[in-house]
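The structure appears below as structure tokens.
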Amino acid sequence: MAERRIGLIMNGVTGRMGMNQHLIRSIAAIRAEGGVKLANGDTLMPDPVIVGRNRAKLEALAKAHGISRVSTDLDACLADPNDEIFFDAATTQMRAGLLRKAIAAGKHIYCEKPTADTLADALDVARLAKAKGIKNGVVQDKLFLPGLRKLKMVIDSGFLGRICSVKGEFGYWVFEGDLQPAQRPSWNYKKAEGGGIILDMLCHWRYVLDNLFGNVEAVSCLGAVHIPERIGEDGKPYKADADDAAYATFQLEGGAIAHINSSWVTRVRRDDLVTFQVDGTHGSAICGLHKCWTQSRVATPKPVWNPDQPQTIDFFAGWQEVPTTQDFPNGFRMQWEEFLRHVAGERADYPWNLLAGAKGVQLAEAGLKSWAERRWIDLPKLEV
């Protein structure tokens, strides 16, 4: 048994998502617990250099989490042959250009979604990686959530029968910044900075729908800017011109219909910040981030419409929770470990790649086009 070092260039991990999910809860946690165990008994130990513009901020972050290397020179990092992987969690608008540079430098690629702000760029990056023989992966974290993994088990068991429909509700109220400080950064609400919930969330819904229920074949989407002015980090008002809500319907391969509401302008009265209800011929299931419930055909109540009397059926009582029978580590960490194994040669098949990322951008672009043209948009099959 031996410890094998694997060098990572981590760009954009001073931001909220990059810092919390990728650096602290994934790479730093893996290092603290002794690395990634490989099938042959070896241990893979990630050795990151965190890259950004503010050296003082980088050094403070590195010191707090046991990281020995920081840099403000991305080009120099890409030129170092001792680091094999380039990871990016910085702005979407810069991502395609950064990935091209990393691919040209021979680095394996792992990055946040969206992989680009246009489908043309997303496909170009995927094709470049394939031509260069670069191993690549894109964050598809929701597939690793406990609730969705339990839901996948329910589907695979045949409990639902033929799936008829999927209903998703995602979101919460993001404060405008006057009454309370906003809990999301202002760039999310500015078109010029790559904001908008359609570009952000439809990339997620593509891989969720494709992997659990059936490939997305067409989309009809209506976006909205419900809050046209917000207060920025500087305390000053700004024009919020990027969509803060999206109401999208999807036709899936096999005939199922999905509808997902995504909103930063909704108050939550449901089991979690995101829920998916799946109705099938033999049963139904509903899941959140961590829990999943099912209702079988024989346990389904038989309501009768009568608006003149208060409802007597407790519709929550007829659902059975799927038990937790295994540990579910942080979903971002789980995918990091799988990608590190892929780069180390232990895992040949890795489906969550730049092509999968391009499919997410394809759906987001189609959603924006559907909104602009007020019509259904078909999604042709993508290849690289």
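In what follows, residues are counted from 1 in the order of the sequence shown.
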Can you confirm whether [X] sits close enough to [Y] that some side-chain heavy atom of one is under 4.5 Å from a side-chain heavy atom of the other?
X      : Y      : result
Arg25  : Asn20  : yes
Asn261 : Glu169 : yes
Arg4   : Leu38  : yes

Next on the checklist: Between Ser284 and Gln277, does the side-chain hydrogen bond (donor to acceptor under 3.5 Å, both in side chains) criterion hold? Intermediate values first, please.
Outcome noted: CA-CA 7 Å; Ser284 295; Gln277 178 169 333; 5.0 Å; no

[atom1] of [X]: more than 12 outside heavy atoms within 6.0 angstrom?
X      : atom1 : value
Lys190 : NZ    : yes
Lys167 : NZ    : yes
Gln320 : CD    : no
Arg53  : CZ    : no
Phe316 : CZ    : no
Arg270 : CZ    : yes
Met94  : CE    : no

Checklist entry - Say you draw a straight line from CG of Asp80 to CG of Asp73; how long is it, rounded to the nearest 0.5 Å? => result 11.0 Å

Next on the checklist: Working to the nearest 0.5 angstrom, can you tell me the gap between His282 NE2 and Ser157 OG?
Outcome noted: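 Those atoms lie 12.0 Å apart.
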
Item to check | Residues His290, Phe328; criterion side-chain contact (heavy atoms from CB on, under 4.5 Å); working and verdict | outcome: CA-CA 9 Å; His290 293 272; Phe328 293 106; over 6 Å; no

Counting N and O atoms only, with roles assigned by atom type, does the side chain of [X] sit under 3.5 Å from a partner on the main chain of [Y], one being a donor and the other an acceptor?
X      : Y      : result
Gln251 : Ala218 : no
Thr115 : Leu354 : no
Asp42  : Ala2   : yes
His342 : Arg347 : yes
Gln335 : Gln140 : yes
Arg95  : Ala90  : yes
Thr275 : Cys287 : no
Asp243 : Ile197 : yes
Arg31  : Pro46  : yes
Asp83  : Ile9   : no

Checklist entry - Between Asn136 and Asn353, is a side-chain hydrogen bond (donor to acceptor under 3.5 Å, both in side chains) present by the stated rule, with each step listed? => result CA-CA 5 Å; Asn136 55 91; Asn353 54 23; 4.8 Å; no

Checklist outcome for this item: Nearest heavy-atom contact between Leu119 and Val361 is N-CG1, 3.5 Å

Item to check | CA sep, side-chain torsions, deciding dist, call: Glu337, Arg333, salt bridge (charged side-chain N to carboxylate O under 4.0 Å, His left out) | outcome: CA-CA 6 Å; Glu337 292 184 353; Arg333 174 177 173 172; 2.9 Å; yes

So, do [X] and [Y] have ring centers that fall under 6.0 Å from each other?
X      : Y      : answer
Trp205 : Phe250 : no
Trp352 : Tyr350 : yes
Trp336 : Tyr110 : yes

Checklist entry - Where do Asp178 and Arg230 land on the salt bridge (charged side-chain N to carboxylate O under 4.0 Å, His left out) test, with the steps shown first? => result CA-CA 8 Å; Asp178 52 356; Arg230 293 177 178 269; over 6 Å; no

Item to check | Steps toward side-chain contact (heavy atoms from CB on, under 4.5 Å) verdict (Val322, Thr294) | outcome: CA-CA 7 Å; Val322 177; Thr294 62; 3.9 Å; yes

In terms of hydrophobic clusters joined by side-chain contacts under 4.5 Å, are [X] and [Y] together?
X      : Y      : value
Ile24  : Leu8   : yes
Leu209 : Trp376 : no
Val216 : Leu212 : yes
Leu252 : Leu148 : yes
Val208 : Trp293 : no

Checklist entry - Can a salt bridge be assigned to the pair Arg184 and Asp200 using a cut-off of 4.0 Å between side-chain N and carboxylate O? => result yes

Item to check | Residues Lys291 and Asp272 bridged, charged N to O under 4.0 Å | outcome: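 Result for this pair is no, no salt bridge flagged.
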
Item to check | side-chain contact (heavy atoms from CB on, under 4.5 Å) between Ile286 and Phe276, intermediate numbers included | outcome: CA-CA 5 Å; Ile286 186 167; Phe276 295 95; over 6 Å; no

Next on the checklist: Between Gln21 and Asn330, is the side-chain hydrogen bond (donor to acceptor under 3.5 Å, both in side chains) condition met? List the steps.
Outcome noted: CA-CA 8 Å; Gln21 295 292 6; Asn330 176 280; 3.0 Å; yes

Item to check | Option among Glu365, Glu217, Gln362 that satisfies the side-chain contact (heavy atoms from CB on, under 4.5 Å) test with Leu379 | outcome: Gln362

